[in-house]
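Report on one structure; see the data block that follows.
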2 protein chains.
Amino acid sequence: MSGSCFAERFEHILPLTDREHRALEHLEETQRTVRRGAVVRRERDPASELYVIRKGWLMSYVLLDDGSRQILRLHFPGDLVGASSAAFGEAADSLVAVTDVVICPFEKSALRALFTDHPRLAALLFALTQAERVALTDRLASLGRTSAKARVAAFLIDILTRLRIMKVDLGDSFLLPLTQEEIGDATGLTAVHVNRMMRALVEEGLIARENGNIRILNEEWLVRIGNYINRYAEIDTAWLPPAN
Amino acid sequence: MSGSCFAERFEHILPLTDREHRALEHLEETQRTVRRGAVVRRERDPASELYVIRKGWLMSYVLLDDGSRQILRLHFPGDLVGASSAAFGEAADSLVAVTDVVICPFEKSALRALFTDHPRLAALLFALTQAERVALTDRLASLGRTSAKARVAAFLIDILTRLRIMKVDLGDSFLLPLTQEEIGDATGLTAVHVNRMMRALVEEGLIARENGNIRILNEEWLVRIGNYINRYAEIDTAWLPPAN
DNA sequence: CGTCGAGTTGACATAATTCAAGTAAGGTGG
DNA sequence: CCACCTTACTTGAATTATGTCAACTCGACG
């Protein structure tokens, strides 16, 4: 397991061949450590790299003309980040380290070999990015059609759910290294209102907070009020081409 | 041009080989006509098909527990719809015909051949879906961080921009076959407030409405207030594998 | 000619924001 | 080790954008 986080992620879905394993490890050959708060790349800067996260959290966001920020997504170990580079020469969003992170950057040209030599991996990658797209539409519905409390609930549950993908034994609590302002920028709220909603969730016995730690006390109920759907539970791989 | 809408879309980006052309045409071999208002597939139903739109508009949406609806996206001729089938066995969203449409359904198993025999097309498809994902994050920022007027402005400009992809000579007006309630479900607003915002845009001389027709009078300004970014202008194809 | 869906408008309600002030916690320099 | 700053969190009061409710118009359609 000293190998590839990406491969590990894939293998939660499907056993890989040695050859496929090596191909994915190849993508993570170089490694870069980034300090908490440091910018990995900035919106509109030229960008030709993608990143696999090996350790720590990243976040991606865009800034609007009026200076407000929308955090698009948190990114966790095993995630592929910056795939928009596959479509554009400029970064569509900024990437910042939320904690100290270890990332493995690779040039988008490396995708070429993946698509030509490993059609099954390419297809699996495609399926995974579709699942992420659906998760994004869930968030769209969250921002467009649910209350502040529901958005915060869904945000927290999503983090827990996704962290469990790579850490099955995670339990029901995690360290949340975000300010309330950042949670607000992710959920489309103000920091003040995030504060009120979080306390409301505490009041109602749905979560507990100790320093930066969040403990989910009533997961089922949070899922309910947040309208949350776990999109990572199962990916259909029946249609994939055979391994080679 | 009696061939494939999908191929036509791709060729706006990149010239295709004959072989690639045939592969795409193969996906559109069967054709289905669907009446305005009819449901193509329903959320949570088993779903193994993807669709290429040949003519007309579709929309995709999800319903929340409280009965509210979030329209996720409008889909136009040349668009690939229902790609979430690549990840899931159940439909993640509902698809409904906004106008009478002609769609070309194909099984997701047909993607297998695309990934094995046409790596360049697969990679281009991947790049295109990444561009769509970025457009979705733009919408997330729109719902999360911009005013009602800005959301409506962005919604209208996005339609115009995307219709122009396949119809370069479109000019600055289009027929909008949506009720104000539907526009509200797309922008996260109520029908009443959509009404007020549309009239405000008319008042300010930014758009004109004649029956169901929308004319964009001041595109630049709408783009400005809507914080709109055209993500369809150019796709980087430099990294794609060679054609075969 | 009556019904129905969509658009329009005004009055009112409310969720969330803004503003402001204060507290707690952590980091730094003397 | 203490005094000081800074940053985040917390809380209340006032404000505002958007939602809700209700009534009316209009055109399409049977």
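Values below: every heavy atom of this structure, side chains too, minus hydrogens, waters and symmetry copies.
- Salt-bridge annotation for A/Glu203 and A/Lys149: absent, with no side-chain N of the basic residue lying under 4.0 Å from a carboxylate O of the acidic one.
- Atom CG of B/Leu201 and atom P of C/dT8 are 13 Å apart (whole Å).
- Counting non-hydrogen atoms of other residues, nucleotides and ligands closer than 6.0 Å to CD of A/Glu210 gives a total above 12.
- What separates CZ of A/Arg36 from P of D/dT7 is a distance of 14 Å, to the nearest Å.
- Considering only side-chain N and O atoms, B/Asn195 lies nowhere under 4.0 angstrom from the phosphate OP1 or OP2 of C/dG7.
- Taking atom CD of residue A/Glu181 and atom P of nucleotide D/dT6, one finds them 18 Å apart after rounding to whole Å.
- Put simply, CG on A/Asn211 is 16 Å from P on D/dA8, counting in whole angstrom units.
- When distances run from any side-chain atom of A/Leu189 to the nucleotides D/dT11, C/dT17, C/dG10, the shortest one goes to C/dT17.
- Regarding B/Lys149, its NZ atom lies at a distance of 15 Å from the C1' atom of D/dT16, rounded to whole Å.
- Between the side chains of A/Ser84 and B/Arg231, no donor-acceptor pair of N or O atoms lies under 3.5 Å.
- Each of A/Arg209 and B/Val194 was matched to the nucleotide of DNA chain D holding its nearest heavy atom; the match closer to the 5' end belongs to A/Arg209.
- Contact annotation for B/Gly188: backbone-only contact, meaning every heavy-atom pair under 4.0 Å involves sugar-phosphate atoms and none involves a base.
- Comparing C/dA6, C/dG10, C/dT18 against the side chain of A/Val192 picks out C/dT18 as the nearest.
- The interatomic distance linking B/Leu143 (CG) with D/dT18 (C1') rounds to 14 Å, in whole Å.
- Comparing C/dA6, D/dG19, C/dT17 by their closest approach to the side chain of A/His193 singles out C/dT17.
- As a whole-Å value, the separation of A/Met198 CE from D/dA8 C1' is 12 Å.
- Between the C1' atom of C/dT18 and the CG atom of A/Asp66 lies a distance of 15 Å, rounded to the nearest Å.
- The side chain of A/Ala148 lies closest to C/dA16, out of C/dA16, C/dT17, C/dG10.
- Here A/Arg9 does not pair with A/Glu28 in a salt bridge; the nearest charged N to carboxylate O distance is not below 4.0 Å.
- Residue contacts shown for B/Gly212 are absent, as no nucleic acid heavy atom lies under 4.0 Å away.
- Looking only at atom types and distance, the side chain of A/Arg69 has no donor-acceptor partner in the side chain of A/Ser94 under 3.5 Å away.
- Taking the side chain of A/Arg196 as heavy atoms from C-beta on, and the options D/dT11, D/dG19, C/dA16, the nearest nucleotide is D/dT11.
- Where A/Arg145 and A/Gln180 meet DNA chain D, the nucleotide closest to each residue was compared, and A/Gln180 sits on the side nearer the 5' end.
- Side-chain nitrogen and oxygen atoms of B/Arg199 include at least one within less than 4.0 Å of the OP1 or OP2 phosphate oxygen of C/dT8.
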